[in-house]
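A short worksheet on the structure shown next.
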Amino acid sequence: MWFLDQKDMPEKWYNIQADLPEPLPPVLHPGTGKPVGPEDLAPLFAMELIKQEVSQERWIEIPEEIQDIYRTWRPTALYRAYNLEKALDTPAKIYYKYEGSSQAGSHKLNTAVAQAYYNKKEGIKRIATETGAGQWGSALAMGCSFFDIECKVYMVRVSHDQKPYRRIMMETWGANCVASPSNDTKTGREMLKKWPDCPGSLGLAISEAVEDAASRDDTHYSLGSVLNHVLLHQTIIGEETIKQMEMAGAYPDIIVGCVGGGSNFAGQALPWMRDKISGKSTGMRIISVEPESCPKMTRGKYAYDFGDVAGMTPLLKMHTLGHTFIPPSIHAGGLRYHGMAPIVSHLNKLGLIEAQAVHQSGVFEAAIMFARTEGIISAPETSHAIRVGIDEAIKCKESGEAKTILIAHSGHGHFDLGSYAKYLGGEIMDFSYPEEEVNRALQELPEI
Ligand SMILES: *Cc1c(COP(=O)(O)O)cnc(C)c1O
């Protein structure tokens, strides 16, 4: 296990935009089809975050106030998975960087604290957001409580009903959490009229939160993944890991991370990408892992799409299953958002990362093996990365290669024991999203 001293915690975030071989495609205004400017985003986001979204500066200083809060749980530890290696009887060396030790239990606090800070500095009194499984909502609730900001969370109904403890966590930190679709917004009320039992989706909850923020002067909107500034805040993970791998005398041949919107994966991968882009380590493989039931990277389209169901957000060029995608509720493993971070999508197009999709049963099998060897009960999301990490270690056994594998471990699964219970009870089924459904939702992509 490798710890960094608190004084060695990185004090800058890394902005990949400075080093991209081709610049990112612009974000477009949904009405005009023209690139958006800061004034278009100002009703929703703090100006400092808007600047970070388009910044071309390679390094961005982490303000002291944010560093102080980061140091309540950072730097996080890097582990070598000796017991897992032994159980797999592999010559591979498996490392994992563990973000589950934050107060909220995942990497999401890295951006929640930063976003709350910048909004507070600009006089914002209230933040509205959406949450799926509840990790983002609870991270933002804590971030807001540290800066004395009111927090309103629209939580996807299936998770709201299945995961009451995440909601209670948010309430403990002072947030107000409602099931989405809710009666608190026009979008929510219209959906409930059409479909009273609607299980909700992240895209729909985003529509509600954006509508809430756009309709009040004292309120901004906050997104827990996907956007460039969110990925930027997460790069502290990879920057720490680079120092820790150096301490361990190791360098990764393979980096693997799960992707919902892409933030934890990018937080670990982007700092290493410098070596890949500069040619220092062209052979390094960087693999993103998604569920077969929400396969935007492997089966979606790289196109301009909305971030939400109602079509209120700017248009992002990304891998998408279509903004009208509603994930199957049979799926237990999180990672249900229809789109992928523009930065991650762009890197995929440039051939700098790979994408794989995995089935639920294999994911939980890997999660159980990890728990029984390393002790940590991982979030189902994280377990997608563990699955592929194990697969690569098994390939090493077959080929006799002693590769170094680095797993981005995004969080613990203490609030996901319901899913573990289903798996242990033999109730987890594999589900590939049907091709007809993918095609249907893709037909509803906006025309540019
Ligand atoms: C939210 C979450 C994810 C997925 O979101 P990304 O933005 O893709 O990182 C993965 N793991 C955990 C533990 C999460 O809370």
Side-chain angles (χ1 to χ4, degrees), residues 76 96-112 115 129-143 153 155-156 159 163 166 169-170 202 205-206 222-238 255-270 286-291 294-297 307 318-319 327 331-345 347-348 353 355 357-358 363 367 370 376-388 407-416 419:
T76 59
Y96 59 97
K97 170 76 163 168
Y98 184 52
E99 289 295 304
S101 55
S102 83
Q103 294 90 327
S106 79
H107 66 289
K108 294 213 170 69
L109 213 44
N110 296 323
T111 187
Q115 293 192 45
T129 196
E130 73 291 332
T131 195
Q135 286 104 325
W136 169 241
S138 43
L140 188 66
M142 182 191 132
V153 182
M155 184 172 188
V156 177
S159 302
K163 298 190 170 184
R166 276 279 171 195
M169 249 175 125
M170 293 179 227
L202 267 180
I206 293 175
S222 167
L223 192 59
S225 185
V226 180
L227 299 179
N228 303 341
H229 67 265
V230 179
L231 273 51
L232 173 80
H233 302 152
Q234 296 296 351
T235 58
I236 187 155
I237 303 172
I255 298 174
V256 43
C258 68
V259 288
S263 74
N264 89 87
F265 168 74
Q268 181 58 264
L270 298 183
I286 303 184
I287 309 171
S288 69
V289 190
E290 64 186 7
C294 186
K296 54 238 185 179
M297 292 285 278
M318 61 184 175
H319 283 282
H331 174 59
L335 308 178
R336 303 170 192 223
Y337 185 58
H338 68 272
M340 175 52 55
I343 287 178
V344 174
S345 301
L347 292 171
N348 190 42
I353 61 169
V358 291
V363 165
F370 196 80
I376 293 172
I377 296 177
S378 306
E381 291 88 338
T382 313
S383 306
H384 288 70
I386 296 172
R387 171 74 267 165
V388 170
I407 298 174
H409 195 302
S410 52
H412 70 63
H414 298 177
F415 295 93
D416 303 291
S419 306

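Order of listing sets the numbers, starting from 1, for every ligand and every atom in it.
Close N/O approach between F265 and ligand 1 is not found [any backbone or side-chain N/O within under 3.5 Å]. Remark: ligand 1 and G261 share an N or O pair separated by less than 3.5 Å (distance only, no angle test).
Which parts of ligand 1 touch G411 is read off a 4.0 Å heavy-atom cut-off, strictly below it: atoms 13 (C). Each of the atoms 4 (C) of ligand 1 lies under 4.0 Å from some heavy atom of L335. Residue S106 approaches ligand 1 through these ligand atoms, each under 4.0 Å from one of its heavy atoms: 13 (C), 15 (O). Atoms of ligand 1 lying under 4.0 Å from any heavy atom of S225, numbered from 1 in the order shown and given with element: 6 (P), 7 (O). Of all atoms in ligand 1, numbered sequentially from 1 with element shown, those under 4.0 Å from a heavy atom of V259 are 8 (O).
When all heavy atoms of H412 and G100 are compared, the pair lying nearest together is CD2-O, 3.4 Å.
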Derivation and outcome, side-chain contact (heavy atoms from CB on, under 4.5 Å), residues S222 and L140: CA-CA 9 Å; S222 167; L140 188 66; 3.9 Å; yes

Check against side-chain contact (heavy atoms from CB on, under 4.5 Å), M318 and K296: CA-CA 9 Å; M318 61 184 175; K296 54 238 185 179; over 6 Å; no

From CA spacing to verdict: ring pair (Phe, Tyr, Trp, His ring centres under 6.0 Å), H409, F370: CA-CA 11 Å; H409 195 302; F370 196 80; 5.5 Å; yes

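Counting only distance, with no hydrogens or angles, the side chain of T111 and the backbone of G224 share no donor-acceptor pair below 3.5 Å. For Y337 (side chain) and G307 (main-chain N/O), a donor-acceptor pair under 3.5 Å exists by modelled atom type.
Using cut-offs of 30° and 60° on the angle between ring planes, the pair Y96 and Y98 is perpendicular.
Summarising the contacts of atom 2 (C) of ligand 1 with Q135, K108, E381, the nearest heavy atom is found in K108.
Take E99 and apply the salt bridge (Lys or Arg N to Asp or Glu O under 4.0 Å) test, not counting sequence neighbours, and it matches R74.
Counting heavy atoms under 4.0 Å from ligand 1, residue N264 touches it through both backbone and side chain. Residue contacts with ligand 1 for H107 involve side-chain atoms from C-beta outward but no N, CA, C or O (heavy atoms, distance under 4.0 Å).
Look at H412 and you'll find every heavy atom at least 4.0 Å from all atoms of ligand 1.
For atom 12 (C) of ligand 1, the nearest non-hydrogen atom of the protein is S410 OG, 3.4 Å.
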